[in-house]
Amino acid sequence: MPQIIDGKAISTQIKDELKSRVEALKAQGVSVCLAVIQVGSDPASSVYVGNKKKACAYVGIKSLAYELPEETTQEELLALVRELNGRKEVNGILVQLPLPAHIDEDAVIRAIDPAKDVDGFHPQSVGALCIGQPGFVSCTPAGIIQLLKRSGIEIAGRECVVIGRSNIVGKPMALLLLQENGTVTVAHSKTRHLKEVARRADILVVAVGKPKMITREYVKEGAVVIDVGIHRSAENKLCGDVDYDDVAPLCSAITPVPGGVGPMTIAMLMNNCVEAAAAR
Ligand code: GUN
């Protein structure tokens, strides 16, 4: 049977390490504070935002919650971001996505001070990642690197296939695996012979957004499979992009859903907040 990569346990370990760092910073008179902005009341976003606030409380980070109505204008949102940019006690600014359709997401992300861009979505942060310079890294792919490292999985020299090319997961994931000296292929919805491409992978990262799409035909025997997806089935059960029961017997290691990648995203957000405060 494969090694089950326990994202819950690893994320708790990281948050406990951060708790000590937050205490040490406090002893030096530095407090850590994250501003979380949600526009509208999308139920999934509300759950994510709630989890982020809970994690802040656990780690000892102060969180400021801005729950703005759906009708908030772009100018109003930009004005809030600029105000938070200017507030010294705020170390991190997170604008929960997606934003309502009348707001230009890119314009809002660009307005965040890169020094407070704890999501790692600002073009300056993405550019820095691309050329291997310091900056904030998108939390989900950063969390996946931690899962691999803390599970003793070697990346250097191995075939890594990322399925998905989003700005938040696929692209930064590919860059991080490359930084770790993996041999990286990025596959996507237009990739020909996707099964064959996926079967090259020693490490397969799946972020396609389709429930249980990845079956055993996509997986080489002994591969490590990382599932970024999270979906709720008709029977109200959570599942990922990977058909876990079909794929797990074939793998050397696999992340479960829930309890794999999900908890890591928030742990890395907490890490970025602490880094932001420490850098001041
Ligand atoms: N919406 C879904 N995932 C994320 C995330 O990681 N950050 C933000 N800001 N919004 C999201």
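Counting convention: from 1, in listed order, for ligands and their atoms alike.
Between Asp117 and Ser125, the side chains place a donor N or O and an acceptor N or O closer than 3.5 Å (distance only, hydrogens not considered).
Evaluation of the side-chain contact (heavy atoms from CB on, under 4.5 Å) rule for Asn181 yields Ala156 as partners, not counting sequence neighbours. The side-chain contact (heavy atoms from CB on, under 4.5 Å) test applied to Arg87 returns Leu64, Tyr66, Glu83, Leu84, Glu89, Val90, not counting sequence neighbours.
Residues with a heavy atom under 4.0 Å from ligand 1: Lys52, Leu94, Val95, Gln96, Leu97, Asp119, Phe121.
Between Asp241 and Lys212 no salt bridge is recorded (no basic side-chain N to carboxylate O distance below 4.0 Å). Remark: Arg199 does not engage Glu217 in a salt bridge, criterion side-chain N to carboxylate O under 4.0 Å.
In the hydrophobic clustering, where aliphatic and aromatic side chains (Ile, Leu, Val, Met, Phe, Trp, Tyr) are joined below 4.5 Å either directly or transitively, Val126 stands alone.
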